[in-house]
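First up is the structure itself, then whatever we jot down about it.
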Amino acid sequence: MATLKVPAHVPAPSEDAEQLRKAFEGWGTNEKLIIDILAHRNAAQRNSIRKAYGEAYGEDLLTSLDKELSSDFERAVLLFTLDPAERDAFLANEATKRLTSSNWVLMEIACTRSSYELFNVRKAYHARYKKSLEEDVAHHTTGEYRKLLVPLVSAFRYEGEEVNMTLAKSEAKILRDKISDKHYSDEEVIRIVTTRSKAQLNATLNHYNSAFGNAINKDLKADPKDEFLKLLRAVIKCLTVPEKYFEKVLRQAINKLGTDERALTRVVTTRAEVDMVRIKEAYQRRNSVPLEKAVAGDTSGDHERMLLALIGAGDV
Amino acid sequence: MAYPDHLEALNKAFSGIGVDENSLISIVANSNHEHKKSFRKGCSKLFIEDQNGFERMDQSIIKNLKLEFKRFRDAVVLSLLHPWERDARLIEKAMKKGQKHYDVIVEIACTRSSNELLGARKAYHSLFHHSVEEHLATHVKGCERKLLVALVSAYRYEGPKVNEDVVKSEAEILSNAIKNADKRKPIEDEDTIMILATRSKPHLKAVYEHYNKICDKSLTEDLEAEGILKDTVECLCTPETYFTRILDAGLSVDGDEESKRAVTRVIVTQREALVKEGYAPNKIQGILTGHYKDFILGSLAREEMNKPL
């Protein structure tokens, strides 16, 4: 469930656009007004505002925001203003350009979005970057990471709830055998993890736990330094218990010396309209502290205000 | 009643692709006991003299005849289906039939537009309650698996933009993969699969051209021995050549059943393209027969007839 708070009566998009324009005028910028509007509109409303703004002032709202704002606050506002599919396309493209965390962002998008959402990301990617998402991922990853990530971003998983228990048992066994032999990027592991429906995968992993005594992620911790294994464990978490995955990302982003602003901003802006309520619950359970408090303690200024607004702190 | 003429006509009614329904009605429907006996005795293609004193129909012929009678029906049904359902069902059938039919999967994955392929994937969910890549990954056990799964998962960019440097380096990569075929089958080479399964068609056509320049032979020629990998390149880079080849092979009375079925599939699914390039169905007149012939000819003519209704 979303933490985004939208007022009961929302002004017309043209009014919001006019207010935003006013926020940019003169010396300095009225950041509070920007947050008051953009952090309290849903995706459809934000799209309408963008359209109205463009028609009224001949400039894309995002361009104006880019001119007026800076650093983490700007990134949070820009990311949140974007349509979800465009936003994911932007994040994915950015991820193919940088090292290290890039694989994580790609994996996160591929595994926590619904099948249709992921396809919308692929469409948005075409429109914005004039290439396909899978070709960029294929071009910028290698070895076992490529073997895992290309099928993940190309998947169009069946979304029904049907489960075949016989299959769950046999595939749990296959996973167990491959893991015991330390063949973590084996074709069969990749096949099961990248093509099965989430419901089927859940059943398989539940059976794994019952039959073999350990949750699969415990068995995949055999080598704590293995980066590929870390990614594989995250894939499994994202596909089965995404709110726990996001809780961990937030926890690590906040606890890190200096805070990983990008990860924090990414999770908040991408989940505020999806399942931030559950993520907050998971965070509270795990850390004994409300997420709002942790975020407030670790960020400041307009960036902090934007993030807090998105996670539902304070009034509408 | 001129029996020899009727015998000849009957033989003719059964000796094309499809059956001549009208002739069969006029010859067989109201022929009496004597006529039919003379047909059976005179038609050695269909009937054999049984030791127990009767003319027995050859069972394998019955099987083939059934296929010929079915051809019109199959063409109609295929034409009526929504293209997404049609492609999803074609893929599923081909996958179940096994390795010899994987070229059909390649044909669909590679000659449809990105959105048509997406549509087929959606239809597959509805019809079979699994994703197409999930089924392919499970059912295809051999070396074709990686390629097929990657091809059906593609959502290729469809713009014309092409990066010349990348084109050149990828033509080199393919050339090396082919040169090393004895060490590792190109169809299992990860880089080859990535290029063919993720790049846009304009890009791949440019790669095809560049390969020709650097290797003197065309990519399809050099892939002659590589099964569906050759079909993949042909479908992506020179689809007209691919479809012409399929139609030529199928429009022959000696062709096997799969080749003949391919004719129905290609004409129904590629109708607009065939009509646009003025595909001349000369061969069809002589080889197809009956309602099936009329339906196929009608399919190819329809665009012209259908100008403002």
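Naming: A, B, ... by sequence-line order, numbering from 1 per chain.
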Next on the checklist: Looking at A/D181, I'd like to know if its CG atom is crowded, meaning that more than 12 non-hydrogen atoms belonging to other residues, nucleotides or ligands lie closer than 6.0 Å.
Outcome noted: yes
Next on the checklist: I'd like to know if B/K146 pairs up with A/E187 as an ion pair, taking the criterion as any Lys NZ or Arg NE/NH1/NH2 lying under 4.0 Å from an Asp or Glu carboxylate oxygen.
Outcome noted: yes
Checklist entry - So which part of A/Y116 gets closer than 4.5 Å to some heavy atom of chain B, the side chain, the backbone, both or neither? => result side chain
Checklist entry - Under 30°, 30 to 60°, or over 60°: which ring-plane class applies to B/H129 and A/Y158, parallel, tilted or perpendicular? => result perpendicular
Item to check | Part of A/E134 within contact of chain B (heavy atom distance under 4.5 Å) | outcome: both
Next on the checklist: Is A/K147 close to chain B through its backbone or its side chain, or both, or neither, when contacts mean heavy atoms under 4.5 Å?
Outcome noted: side chain
Item to check | Salt-bridge present (A/E188, B/R145; N to O < 4.0 Å) | outcome: yes
Next on the checklist: I'd like to check A/R146 versus B/D191 (side-chain heavy atoms, cut-off strictly below 4.5 Å). Are they in contact?
Outcome noted: yes
Checklist entry - Would the number of heavy atoms belonging to other residues, nucleotides or ligands and lying under 6.0 Å from CE of A/M165 be above 12? => result yes
Checklist outcome for this item: What one should report as the nearest heavy-atom pair of B/E133 and A/F156 is OE2-N, 2.7 Å
Next on the checklist: If you compare all heavy atoms of A/S132 against all heavy atoms of B/Y157, which two are closest, and at what distance to 0.1 Å?
Outcome noted: N-CB, 3.8 Å
Next on the checklist: Counting neighbours of NZ on A/K218 that are heavy atoms of other residues, nucleotides or ligands and sit closer than 6.0 Å, is the number greater than 12?
Outcome noted: no
Item to check | Heavy-atom pair count under 4.5 Å with chain B, highest-scoring of A/K131, A/R157, A/E135 | outcome: A/E135
Next on the checklist: Quick check: closest heavy atoms across B/S131 and A/T195, and the distance to 0.1 Å?
Outcome noted: OG-O, 3.6 Å
Checklist entry - If you count heavy-atom pairs under 4.5 Å between each of B/L118, B/N115, B/V149 and chain A, which one has the most? => result B/L118
Item to check | Contacting moiety of B/S126, where chain A heavy atoms sit under 4.5 Å | outcome: neither
Checklist entry - So with a 6.0 Å cut-off around CD of B/E158, is the heavy-atom count from everything else above 12? => result yes
Next on the checklist: Quick check for you: to the nearest 0.5 Å, what is the distance between B/S114 atom OG and A/R122 atom CZ?
Outcome noted: 9.0 Å
Checklist entry - Does A/H126 use its side chain to pair, donor to acceptor, with the backbone of B/Y155 at less than 3.5 Å? => result yes
Checklist outcome for this item: To the nearest 0.5 Å, atom OG1 of A/T141 lies from atom CE of B/M194 at 7.5 Å
Next on the checklist: Would you say that more than 12 heavy atoms from the other residues, nucleotides or ligands in this model lie under 6.0 Å from the NZ of B/K93, or not?
Outcome noted: no
Checklist outcome for this item: Turns out that what part of A/A127 lies under 4.5 Å from chain B's heavy atoms comes down to neither
Checklist outcome for this item: Given B/A150, B/S200, B/A154, the one with more heavy-atom pairs under 4.5 angstrom with chain A than any other is B/A154
Checklist entry - Does the side chain of A/H139 pick up a donor-acceptor pair with the side chain of B/R199 at under 3.5 Å? => result yes
Checklist outcome for this item: Interatomic distance, NE2@B/H130 vs CZ@A/R196, rounded to 0.5 Å, equals 7.0 Å
Next on the checklist: Working to the nearest 0.5 angstrom, can you tell me the gap between A/S197 OG and B/H125 NE2?
Outcome noted: 9.0 Å
Next on the checklist: Can you confirm whether more than 12 heavy atoms, excluding those of B/K205, are under 6.0 Å from its NZ atom?
Outcome noted: yes
